[in-house]
Amino acid sequence: MLNISAHSAQAIAKSLLALGLLSSATAQAQTTAPTTVTVQVNKPGKPVPKNMYGLFFEDINFAADGGLYPELVKNKSFETTEHLVGWKALKGGAGLETYAVLNQQPISATNSHFVRLTTRTASPDAGLTNEGFRGMGLKQGAEYTFSLYARRGPGSVSALTVTLEDEKGNSLAQAQISGLTNEWKKYAVPLRPSATSSRGHLKITLDGAGTADLDVVSLFPKDTWQNRPNGLRTDLVQLLKDMKPGFLRFPGGCIVEGRTLAERYQWKETIGDVASRVPLINRWNMEFKHRSTPDYYQSFGLGFFEYFQLAEDIGAEPLPILNVGMACQFNSAELAPMSSTAGGPNATANADDPTLETFIQDALDLIEFANGPATSTWGAKRVAMGHPAPFNLKLIGIGNEQWGPQYLERYEPFAKAVKAKYPAIQIVSSAGPSPDGELFDKASKRLAELKAEYVDEHYYAKPDWFRQHVDRYDKYARTGPKIFAGEYAAQSVAIGSPDNKNTWDCAISEAAFMTGLERNADVVGMASYAPMFAHVDAWQWTPNMIWFDNLRSYGTPNYYVQKLFSLNKGTTMLPVENKNGQDNLFTSAVADDQAGEIVVKLVNYSSSPRPVKISLTGAKKVGKAGKAIVLSSSDLQAVNTLDQPTNVSPKEEKFSAGATTTYTLAPNSFTVLRIPGRR
């Protein structure tokens, strides 16, 4: 074997460069002495939390209705404040004498409105259309179940004709519903579109002259996750499951709080019969003037039962976040009154006029719903919904992103009451919306005094903030509350800017920061990017981890960063002798004891290749064949799109490994090296 010294290799590289046979970047990599990264395999740290990397779900950007929850009819029960949101009369009502939302003799007290259509003469234009959620995604040959409740009034309306049309009005599928009676009755028919349309719509017309009442109008795809009747959108769930997340935080976010307490998220209103769940305005519908969405309501077809079920399906710990008696402090900042009997034997709960006891009781009831036996009040409701086994809930969050003394004075009796009845439940508390400042410091100090188990810290900032603060948790005390990095995302322009993009610059900067989370996994117990989902035609906030339209979806570069950390989290922390962030090289390492591998993560935030020499001090049974997983782009502004969903995505390659390994990192890259070896 030819043995060339480092000095000789540099001389050869310079000669080849002079002859034009080698690129300057490659020559630089070959002539630059490798940076040494020493992984102290023989000095292992604490275990990596098995649920460290997870998911943050908030119903923003049409993430639930119009997204993960695949019901295609908007406002199917006419229960929104504007009762005909999503609906229009054909040709402005040319074929109808009247159409109106009424509430006489409704289906039920909770579903108290329906639409009445009346026509004097039979007309093909006597009917309504529903626009869906920025259109309806219809797939050629796929089966959809159309259903509704209907009853016949005076006249000769003998049937209803149901048609799926594309954006140009071409018929894609049609069926007739007959046998209408004078009583409410549910009808259902299958529909199979003859062509694909991403912006289709639904049309319902009367056959005959007279009156008909309609309610709970649904168009639901047959193809759902695990083929459930009220299931979820398969491609979106698959993207989540592929990440192997450790936890699923739900349902938010600011919608937990609501703009007012009357608009808060009440989990009890989201379980049971889907037709009986009362819609609620979404807090994000008018939050940003530049992205006004007055039609944004929560149908709660995706409710707490479905969230628990989703967590179970993707192997994640459920982490529900509950209101602590405070409306969003960015909006009304309304407070539920305190009471000296909070959580005590004389506690009362009134959802319409809530005091703190109402919110505490909701939390206690939720734990019973998730974990209680069939003989318990709320456990019986879970069983009745088709899940006899407990969901094994271990975590809850008290409050979303509250701050100040108003939060702390409510948190303390709330946490005390939960711990008194369910001591094994671990509680996530809030340090507010900012990662520093007086309010943050005071909250962190007080929560430590209260022996809080997790403190939720949030940070949205420019990409360079993430690279500059990679040592944030190096400075934290090794005792005290664990940190839940519950919401973070690099902002390419500014926080909340509509011009933010999911650029590679943002994602690689987050990867650099996450090496700091991993190196401090004894302090940081959980971490999640936020927000998770966004509809390309109906978003309120950007950036987001996963984007979709009515038929397609893709993961951003940020998604792939999160996925690589989650799939390669290992089992045991390993110290790394390398000043993290020096010369824009960021590193962390773990042992994967189950796989028998040492996992080294390296971020090269440089436009040039970077050679590194990795020394595995004290490693045993080191193999010779390693695997590199590389996420890189020469363009820091590169993004993924619906048409180029994997523009920035991981590539795998083999490399020669050993106790000492030299590897050249690609420019602007996040690289995961898996080397066979044990500690």
Less than 4.0 angstrom from a charged side-chain N to a carboxylate O is my criterion; do [X] and [Y] meet it?
| X | Y | answer |
| --- | --- | --- |
| R228 | D313 | yes |
| R552 | D235 | no |
| D456 | R249 | yes |
| K74 | E131 | yes |
| R277 | E306 | yes |
| D549 | R199 | no |

Within 45° of the axis and under 6.0 Å from the centre of the six-membered ring of W539, does NZ or CZ of R291 qualify? yes
Q) Looking at F114, is R151 sitting on its ring face, NZ or CZ under 6.0 Å from the six-membered ring centre and within 45 degrees of the normal? A)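 Satisfied, under 6.0 Å and within 45°.
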Minimum heavy-atom separation for [X] to [Y], with atom names?
| X | Y | value |
| --- | --- | --- |
| T224 | P70 | CG2-CG, 4.4 Å |
| L642 | S553 | CD2-N, 4.0 Å |
| T163 | E165 | CG2-CG, 3.8 Å |
| A380 | A374 | CB-O, 3.3 Å |
| A122 | A209 | N-CB, 3.8 Å |
| N323 | V256 | ND2-O, 3.1 Å |

For the aromatic rings, using the six-membered ring if either is Trp, is the centroid distance between [X] and [Y] under 6.0 Å?
| X | Y | value |
| --- | --- | --- |
| F304 | Y265 | yes |
| F305 | F300 | no |
| F548 | H535 | yes |

Counting only heavy atoms not in [X] (residues, nucleotides, ligands), do more than 12 fall under 6.0 Å from its [atom1]?
| X | atom1 | result |
| --- | --- | --- |
| Q105 | CD | no |
| K268 | NZ | yes |
| E143 | CD | yes |
| E183 | CD | no |

Once you round to the nearest 0.5 Å, how far does [atom1] of [X] lie from [atom2] of [Y]?
| X | Y | atom1 | atom2 | value |
| --- | --- | --- | --- | --- |
| D65 | N75 | CG | CG | 10.5 Å |
| F247 | I314 | CZ | CD1 | 10.5 Å |
| L236 | W225 | CG | CH2 | 11.0 Å |
| I204 | T161 | CD1 | OG1 | 10.5 Å |
| Q329 | N400 | CD | CG | 10.0 Å |
| N285 | L280 | CG | CG | 10.0 Å |

For [Y], does its backbone N or O pair with a side-chain atom of [X] as donor and acceptor, under 3.5 Å?
| X | Y | value |
| --- | --- | --- |
| S492 | K501 | yes |
| R283 | R264 | no |
| S178 | A159 | no |
| E368 | W378 | yes |
| N130 | L202 | no |
| S566 | K244 | yes |
| E79 | P279 | no |
| H83 | F78 | yes |
| D499 | V493 | no |
| N282 | Q298 | no |

Could you walk me through whether Y69 and F62 pass the ring pair (Phe, Tyr, Trp, His ring centres under 6.0 Å) check?
CA-CA 9 Å; Y69 184 63; F62 280 40; over 10 Å; no
Exercise for review: Walk me through it: do E58 and W284 pass the test side-chain hydrogen bond (donor to acceptor under 3.5 Å, both in side chains)?
Suggested key: CA-CA 10 Å; E58 172 145 25; W284 293 105; 3.0 Å; yes
Polar side chain donor-acceptor pair, N558 to T556, under 3.5 angstrom: yes
Between E401 and H458: side-chain donor-acceptor atoms closer than 3.5 Å: yes
Side-chain contact, heavy-atom cut-off 4.5 Å: [X] with [Y]?
| X | Y | result |
| --- | --- | --- |
| E71 | K76 | yes |
| M545 | L55 | yes |
| L90 | T129 | yes |
| I281 | Y297 | yes |
| S332 | R259 | no |
| L310 | L232 | yes |
| R116 | T98 | no |
| Y554 | N647 | no |

| task | Take M136 and V73, measure what side chain to side chain contact (heavy atoms under 4.5 Å, CB included) needs, and give me the verdict at the end. | result | CA-CA 8 Å; M136 296 180 175; V73 176; 4.2 Å; yes
- Start with the C-alpha distance between L240 and I546, add both sets of side-chain angles, then the distance that settles side chain to side chain contact (heavy atoms under 4.5 Å, CB included), and finish with yes or no. CA-CA 9 Å; L240 303 183; I546 295 168; 3.9 Å; yes
With F146 as partner, the option from V217, L72, L160, L164 fulfilling side chain to side chain contact (heavy atoms under 4.5 Å, CB included) is V217
*Would you please test L393 and F308 for side chain to side chain contact (heavy atoms under 4.5 Å, CB included) and show each step?*
CA-CA 9 Å; L393 177 66; F308 277 117; 4.0 Å; yes
Show, in sequence, the C-alpha distance, side-chain angles and deciding distance for T293 and R134, and conclude whether the side chain to side chain contact (heavy atoms under 4.5 Å, CB included) test is met.
CA-CA 11 Å; T293 50; R134 304 302 184 266; 3.7 Å; yes
Of W267, Y307, F56, F533, the one forming a ring-ring contact (aromatic ring centres under 6.0 Å, His included) with F250 is Y307
Next item on the list: For the pair D59 and Y296, evaluate side-chain hydrogen bond (donor to acceptor under 3.5 Å, both in side chains) and give the outcome as yes or no after the intermediate values.
Entry: CA-CA 10 Å; D59 188 2; Y296 196 9; 2.6 Å; yes
